[in-house]
Amino acid sequence: MHFKSKLPDVGTTIFTVMSRRAAEENALNIGQGFPDYPIDPRLAAALNEVIAEGRNQYAPMEGTIELREQICKKLAGCYQRQFDPHTDITVTCGGTESLYDAIQAAIGPGDEAIIFDPAYDSYEPAVRLAGARCIRIALAPPAFRFDWDEVRRALSDRTRLIIINSPQNPSCTVASQDDLDALAACIRDRPITVIADEVYEHVLFDGRRHHSVLTHPELRERSYAVFSFGKTLHATGWRVGYCVAPPELTRELRKVHQFNTFSIASPLQYAIARYLSNYPDAWQGLAAFFQAKRDLLSGLLRGSGLEPLPAAGTYFQLVDYAALSQEDDMSFSDRLIREAKVAVIPLSPFYAQPPRMTLVRLCIAKREETLRSAAERLTAFARNCQGARALPGR
Ligand SMILES: Cc1ncc(COP(=O)(O)O)c(C=O)c1O
């Protein structure tokens with residue numbers, strides 16, 4: 001065979017695999033992170049309007065100025081900082097493209113990038129396609145805290161990039177101001193760029209505040225901060241995200257972006273810009289909205305044997321099935337699909353070397369009836385497991 005794979009060990013992502021299995025088994029899919037409820041009808045109306053107005057040709061490579069200006073207004077409101085739409089903001093195909101472009105811009109052959117496990121699955125393949133290598137540091141369950149001493153030990157002359165994600169998928173933890181300070185101290189006087197995956201910037205619970213690299217005086221000078229309208233506007237299928245970075249970093253990112261996707265669907269950009277201009281606070285209720293969903297699902301599961309872990313943010317809720325089974329998470333997840341008819345996401349695919357753990361990830365970005373019905377199926381399954389265990393001779 002003349003063709004040599006550049007990513008021979010990379011298969012289909014666990015999200016696609018579990019969604020496919022859910023469809024095959026006719027299971028309720030609370031695995032993959034997407035809402036099952038409609039977008040704001042005013043956003044849908046804005047899209048219809050801009051299409052009818054003829055906003056249907058190529059958008060500028062860096063994004064429409066209307067959208068970039070709205071992004072700057074939003075950033076000023078959230079992070080009390082002024083950004084320049086011409087030099088600091090690039091609109092991309094979801095947060096995923098921002099991550100990919102930033103990785104290609106920041107590192108090359110022979111370089112090392114530090115990422116934290118359990119890690120979102122797009123980081124490592126993008127690092128490898130850049131010719132670089134990932135050093136993976138585990139955030140150990142159940143607390144999933146950063147170990148900055150370990151990070152310092154992992155730094156080498158080749159380290160050029162550190163990727164952090166807060167609020168973190170799938171651990172549902174959030175970075176503190178101390179974490180950002182520790183990160184800044186680690187990379188001070190070293191040629192290291194940061195990518196901050198902040199796509200869940202508005203989904204923090206129990207009064208927590210998001211600590212963005214954009215608010216950190218040292219980190220913002222050397223960071224690509226990545227955001228997603230998919231998450232903020234409940235429109236994951238629109239695939240609109242953006243990257244915020246200082247001008248010299250943005251310039252390099254755009255060199256990749258312009259030959260990757262060139263530009264993002266223009267009607268979607270005009271529609272989001274119009275929507276944000278008319279309803280600048282549209283995203284304000286997100287934390288309360290998702291907190292209610294977290295409380296509903298975790299309240300229904302607590303005591304069932306599928307024990308919810310504390311969740312500080314994101315679209316997700318981890319549950320520990322140790323009381324029901326010691327199976328590995330891949331086979332337990334497959335059993336949930338077959339027997340409970342509920343699809344979840346196992347955690348081990350997020351690790352280079354999964355620790356022993358009995359955790360699966362549920363998505364809370366679902367209608368109340370979906371969450372109730374998933375919880376009913378899961379608690380019935382858990383009762384069956386416990387009943388089977390209680391039988392004599394088992
Ligand atoms: C941590 C994290 N980063 C990035 C992304 C990608 O965002 P987008 O759907 O905007 O590409 C996701 C999506 O699930 C995510 O969970």
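Everything quoted here is computed from the prediction, not taken from an experiment. In each ligand, atom 1 is the first atom listed, and ligand 1 is the first ligand listed.
With respect to atom 6 (C) of ligand 1, the closest heavy atom belonging to the protein is Thr96 OG1, 3.3 Å. The protein non-hydrogen atom at the shortest distance from atom 2 (C) of ligand 1 is Asp197 OD2, 3.4 Å.
Taking every heavy atom of Asn165 and a limit of under 4.0 angstrom, the matching atoms of ligand 1 come to 1 (C). Close approach to Asn169 involves these atoms of ligand 1, each under 4.0 Å from a residue heavy atom: 1 (C), 15 (C), 16 (O). Set against the non-hydrogen atoms of Gly95, the atoms of ligand 1 under 4.0 Å away are 7 (O), 8 (P), 10 (O), 11 (O). Counting the atoms of ligand 1 from 1 in the order shown, those under 4.0 Å from a heavy atom of Ser228 are 8 (P), 10 (O).
Of the candidates Gln32, Arg239, Lys231, the one placing a heavy atom closest to atom 14 (O) of ligand 1 is Lys231. With Tyr120, Trp238, Phe316, Tyr242 as candidates, the residue nearest to atom 12 (C) of ligand 1 on a non-hydrogen basis is Tyr120.
Interatomic distance, OH of Tyr351 versus CZ of Arg136, reported as 10.5 Å (0.5 Å rounding).
Remark: the Asn169 side chain and the Thr314 side chain contain no N/O donor-acceptor pair separated by less than 3.5 Å. Looking only at atom types and distance, the side chain of Asp328 has a donor-acceptor partner in the side chain of Ser331 under 3.5 Å away. Between the side chains of Tyr79 and Glu201, a donor-acceptor pair is found at a separation under 3.5 Å. Checked by atom type, the side-chain pair Glu112/Ser156 shows a donor-acceptor distance below 3.5 Å. Side chains of Tyr200 and Lys231: a donor on one and an acceptor on the other come within 3.5 Å. Residues Ser166 and Gln168 bring no donor and acceptor atom of their side chains to less than 3.5 Å of each other.
Considering backbone and side-chain atoms alike, Val240 places every N or O at 3.5 Å or more from each N or O of ligand 1. In terms of polar-atom proximity, Tyr123 is not counted as a contact of ligand 1, lacking any N or O under 3.5 Å from an N or O of the ligand.
In the displayed structure, Arg209 atom CZ is contacted under 6.0 Å by at most 12 heavy atoms of other residues, nucleotides or ligands.
The shell of residues lying under 4.0 angstrom from ligand 1, judged by heavy atoms, includes Val199. Ligand 1 is approached by Gly94 to a heavy-atom distance shorter than 4.0 Å.
In this structure, Lys73 does not pair ionically with Glu69, as no charged nitrogen and carboxylate oxygen lie closer than 4.0 Å.
Under 4.0 Å from ligand 1, the heavy atoms of Tyr200 that appear belong solely to its side chain.
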